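Some notes on the structure that comes next.
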Amino acid sequence: MTPAELSAALRDVLLTARADGALPIDADQVPASVTVERPRQREHGDWASNVALQLAKKAGMAPRALADLLAARLTQVPGVASVDVAGPGFLNITLDTAAAGELARTILEAGADYGRSDALAGQSVDLEFISANPTGPLHLGHTRWAAVGDALGRVLAAAGARVTREFYVNDLGVQMDRFGASIMAAAHGEPIPEDGYHGDYVADLATSIVAEQPDLLDLPREEQVAAFREAGYAHQLAAQKDVLGRFGTHFDVWYSERTLHTSGAVDRGFERLREQGHVFEADGAVWLRTTDFGDDKDRVLVKSDGSLTYFASDTAYYVDKRSRGHDVCIYLLGADHHGYVGRLKAVAACAGDDPEHNIEVLIGQLVNLLQGGEPVRMSKRAGTIITLADLIEWVGVDAARYSLTRASTDSPLTLDIDVITRKTNDNPVFYVQYAHARTANVSRNAESLGVRRADAFDPGLLDDASEAVLLGMLGEFPRVVAQAAELREPHRVARYLEELASAYHKWYDRCRVTPVGEEPVTDTHRTRLWLNDATRQVLANGLDLLGVSAPERM
RNA sequence: GCCCCCGUAGCUCAGUGGAUAGAGCGUCGGACUUCUAAUCCGUUGGUCGCAGGUUCGAAUCCUGCCGGGGGCGCCA
């Protein structure tokens with residue numbers, strides 16, 4: 001029996017009790033889904049519900065009296081071994097060993113789909129993250145979202161949402177010209193302009209470009225800036241795509257800011273905002289009255305010299321995303337951009353949308369690196385910044401992704417290179433991956449010793465205390481994934497996997513899947529293999545949601 | 001000045017109103033002729049920053065304060 005099935009059974013009990021007149025509440029006061037959770041203390045049973053505490057006031061009953069009533073009825077449900085009322089009115093539920101063990105079969109039948117849900121079914125989500133300028137390598141500031149944004153996309157999809165992952169390419173504006181001027185200067189062996197790009201990669205870029213297109217140097221100077229700019233743009237965009245590909249982060253849409261202007265999206269955006277009546281002119285500029293919706297000042301769309309602000313692109317881009325049918329537009333930004341939250345929310349409101357529903361801005365705190373107890377600030381490759389490529393080279397994709405996704409983005413994160421490259425228990429990625437490798441190893445050994453799942457499955461034999469714990473953890477997975485999606489917090493999946501790995505290691509220590517020596521193969525061995533393989537499936541599914549590999553051997 | 005995030009064990013951090021607040025590391029002590037010991041078991045460890053409030057119940061929600069980090073542009 002899965003917790004979802006138990007929850008449904010408990011809800012049926014509520015509905016029946018109401019129909020009998022035993023539970024005096026209105027039909028709409030029966031919760032759509034009844035919370036069933038694992039209790040902290042094992043001795044409190046397999047599952048617990050606080051539904052009696054929540055409904056007591058509405059029913060005008062004492063919480064314990066209501067709990068007693070529900071307990072008596074729930075005990076009658078097949079698969080439920082016992083129901084105890086504890087404390088102020090908790091229902092502590094213990095399942096039949098066999099009913100609990102059935103979960104192993106459920107998981108293996110679902111396979112890679114176990115953990116998927118329809119929690120966000122019907123929602124179309126636009127997920128924009130990283131959105132770096134194509135003027136240099138992706139750096140440490142981008143890595144957090146490269147990992148977490150990608151994992152969030154996977155988690156949202158697992159919860160049933162339609163997800164479009166989008167990278168906004170800031171390929172317009174004076175920074176692009178500064179970039180072109182910097183490459184050109186490097187190509188001529190001249191000093192880089194003060195306001196240009198000073199990383200070592202600029203010189204490498206100049207060398208590559210000149211090697212490919214030597215005739216660029218013969219163009220008139222004014223044309224050279226644009227030519228080097230475009231060549232550099234192509235190189236950097238390709239390099240960003242390449243490193244993100246190596247990192248396992250995939251985008252559905254690379255949205256060029258230029259196309260926003262050439263496609264008429266900017267005009268359509270302005271039109272939308274004018275219709276809603278929030279555009280005005282003052283001091284020779286065109287403004288959006290974002291203060292109507294809580295922003296601390298109004299924002300300029302068109303400067304007094306007639307040029308468009310970056311904010312104008314932002315507004316048009318938002319309107320464009322919505323016009324493409326996305327219900328929710330999620331922006332993943334760094335802490336240094338938190339000032340954008342107010343104005344982005346106001347943009348949504350100015351466009352006639354609900355800023356509480358149609359737009360979400362998630363802020364990730366900064367990431368720092370530590371090695372040998374000292375902060376790492378410099379990169380050989382880029383001169384002044386640490387790149388995503390550096391991080392991959394130093395710690396590998398799995399360690400980097402896992403370390404980044406296991407932390408809440410609300411907290412600043414310090415990655416200790418020494419720790420996350422260590423192959424020991426204090427490196428959580430190895431702890432979880434090793435658990436998976438161990439399940440695979442047990443499967444292989446079982447096969448070679450003639451222990452086959454097909455020969456028997458008798459879940460009543462999974463009666464060890466460590467098996468009840470492991471089954472409980474496995475049952476939680478769909479709820480964890482759905483919650484991670486709803487709260488936009490993929491780190492919950494990683495934390496869950498660490499607990500699951502721990503429950504598995506403990507079980508492994510107590511319950512053998514394969515016989516020792518001449519001992520015959522029994523149904524206990526065969527049934528335990530089901531549990532081993534179910535655990536393997538959940539570990540693999542969870543690691544996949546984080547974009548981390550699930551090794552067969554380590 | 002205003003805004004955002006954080007403050008939980010010696011350290012790094014989980015814990016979106018529930019029961020006796022948890023994990024890893026660290027300390028100290030155990031378990032390997034192993035279904036891989038990259039593991040497991042035990043031990044040690046807390047005024048959940050402080051003060052009020054909300055309620056059957058607060059680490060969690062609200063207010064104020066203290067401490068740390070980040071941000072405020074007709075830049076991009």
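Computed from a predicted structure; not experimentally measured. Letters go in sequence order (proteins before strands), and every chain restarts at 1.
- Summarising the geometry, the separation between CG on A:Asp509 and C1' on B:rC41 is reported as 8 Å, rounded to the nearest angstrom.
- One finds no side-chain N or O of A:Lys506 lying less than 4.0 angstrom from the OP1 or OP2 phosphate oxygen of B:rU39.
- Atom pair A:Lys57:NZ and B:rU54:P shows a separation of 14 Å (rounding to whole Å applied).
- Not a single donor-acceptor pair under 3.5 Å links the side chain of A:Arg299 to the backbone N or O of A:Arg343.
- Between A:Tyr317 and the options A:Tyr310, A:Phe311, A:Tyr168, a ring-ring contact (aromatic ring centres under 6.0 Å, His included) holds for only A:Tyr168.
- A distance of about 28 Å separates the C1' atoms of B:rG53 and B:rA14, rounded to the whole Å.
- Toward the 5' end of RNA chain B, the nearer of the two residues A:Ser502 and A:Arg553, judged by each one's closest nucleotide, is A:Arg553.
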inquiry  = If you apply the rule ring pair (Phe, Tyr, Trp, His ring centres under 6.0 Å), what do you find for A:Tyr331 with A:His337, and how did you get there?
reply    = CA-CA 11 Å; A:Tyr331 290 73; A:His337 285 70; over 10 Å; no

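- Using C1' as the reference atom, B:rA51 and B:rC11 are 29 Å apart when rounded to the nearest Å.
- For the residue pair A:Ser443 and A:Asn532, a side-chain donor N or O sits within less than 3.5 Å of a side-chain acceptor on the partner.
- Taking the P atom of each, B:rG24 and B:rC41 are spaced 8 Å apart, rounded to whole Å.
- Within the 4.0 angstrom heavy-atom criterion, no nucleotide atom of any strand lies near A:Ser307.
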ask   = With the sugar-phosphate defined as primed atoms, P, OP1 and OP2, and the base as all remaining atoms, what B/S/- string results for nucleotides 16-22 of chain B, 5' to 3', for protein heavy atoms under 4.0 Å?
value = B-BBS-S

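- Between the side chains of A:Ser411 and A:Gln365, no donor-acceptor pair is found at a separation under 3.5 Å.
- A centroid separation of less than 6.0 Å is found between the aromatic rings of A:Phe477 and A:Tyr496.
- Nucleotide B:rG26 forms a pair with B:rU44, judged by Watson-Crick or G-U wobble geometry with both contacts under 3.5 Å.
- Atoms CG (A:Leu366) and P (B:rG70) sit 7 Å apart, rounded to a whole Å.
- With both pairing distances under 3.5 Å, B:rA38 is matched to nothing as a Watson-Crick or G-U wobble pair.
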request  = Take A:His505 and A:Tyr431, measure what ring pair (Phe, Tyr, Trp, His ring centres under 6.0 Å) needs, and give me the verdict at the end.
outcome  = CA-CA 10 Å; A:His505 285 311; A:Tyr431 185 77; 5.0 Å; yes

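- The main-chain N or O of A:Lys303 is never found under 3.5 Å from a side-chain atom of A:Ser307 such that the two would form a donor-acceptor pair.
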task = Would you mind building the protein contact string for nucleotides 2-10 of chain B? One character per nucleotide, 5' to 3', B for base within reach (heavy atoms under 4.0 Å), S for sugar-phosphate only, - for untouched.
result = -BBSS----

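- Rounded to an integer number of Å, the gap from A:Tyr508 OH to B:rA31 C1' is 14 Å.
- The pairing partner recorded for B:rG52 is B:rC62, the criterion being a Watson-Crick or G-U wobble arrangement whose two distances lie under 3.5 angstrom.
- Separation of the C1' atoms belonging to B:rG67 and B:rC74 is 37 Å when rounded to the nearest angstrom.
- The environment of CD in A:Glu447 is sparse: at most 12 heavy-atom neighbours from other residues, nucleotides or ligands sit within 6.0 Å.
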So which protein nitrogen or oxygen atoms get under 3.5 Å of nucleotides 74-76 of chain B's nitrogens or oxygens?
| unit_1 | atom_1 | unit_2 | atom_2 | d |
| --- | --- | --- | --- | --- |
| B:rC74 | O2 | A:Ser304 | N | 3.3 |
| B:rC74 | N4 | A:Asp283 | O | 3.4 |
| B:rA76 | OP1 | A:Lys303 | NZ | 2.9 |
| B:rA76 | O3' | A:Leu172 | O | 3.3 |
| B:rA76 | O3' | A:Gln175 | OE1 | 2.2 |
| B:rA76 | O2' | A:Gln175 | OE1 | 2.6 |
| B:rA76 | O2' | A:Gln175 | NE2 | 3.4 |
| B:rA76 | N6 | A:Tyr340 | OH | 2.2 |
| B:rA76 | N1 | A:Tyr340 | OH | 2.3 |

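- A 3.5 Å limit on both hydrogen-bonding distances identifies no Watson-Crick or G-U partner for B:rC75.
- Cation-pi contact between A:Arg438 and A:Tyr504: absent, since separation from the ring centre below 6.0 Å together with deviation from the ring axis within 45° is not met.
- The CZ-P distance, from A:Arg406 to B:rG24, rounds to 11 Å in whole Å.
- Look at the C1' atom in both B:rC48 and B:rG1: the space between them is 32 Å, to the nearest Å.
- For the pair A:Arg229 and A:Phe179, the cation does not sit on the ring face, since its NZ or CZ is not both under 6.0 Å from the ring centre and inside 45° of the axis.
- Remark: aromatic rings of A:Phe293 and A:His278 are close, center separation under 6.0 Å.
- Distance check on atom P: B:rA21 versus B:rU44 gives 16 Å, rounded to whole Å.
- Here, B:rC62 and B:rU16 have their C1' atoms 16 Å apart, quoted to the whole Å.
- Separating the P atom of B:rC50 from that of B:rC28 is a span of 31 Å, rounded to the nearest Å.
- The nearest whole Å value for the distance from the NE2 atom in A:His505 to the C1' atom in B:rU39 is 6 Å.
- If you take CG of A:Leu497 and P of B:rA23, they are 18 Å apart, rounded to a whole angstrom.
- What separates CD1 of A:Ile420 from C1' of B:rU12 is a distance of 13 Å, to the nearest Å.
- Counting heavy atoms from C-beta outward, A:Thr35 and A:Val51 have side chains that stay 4.5 Å or more apart.
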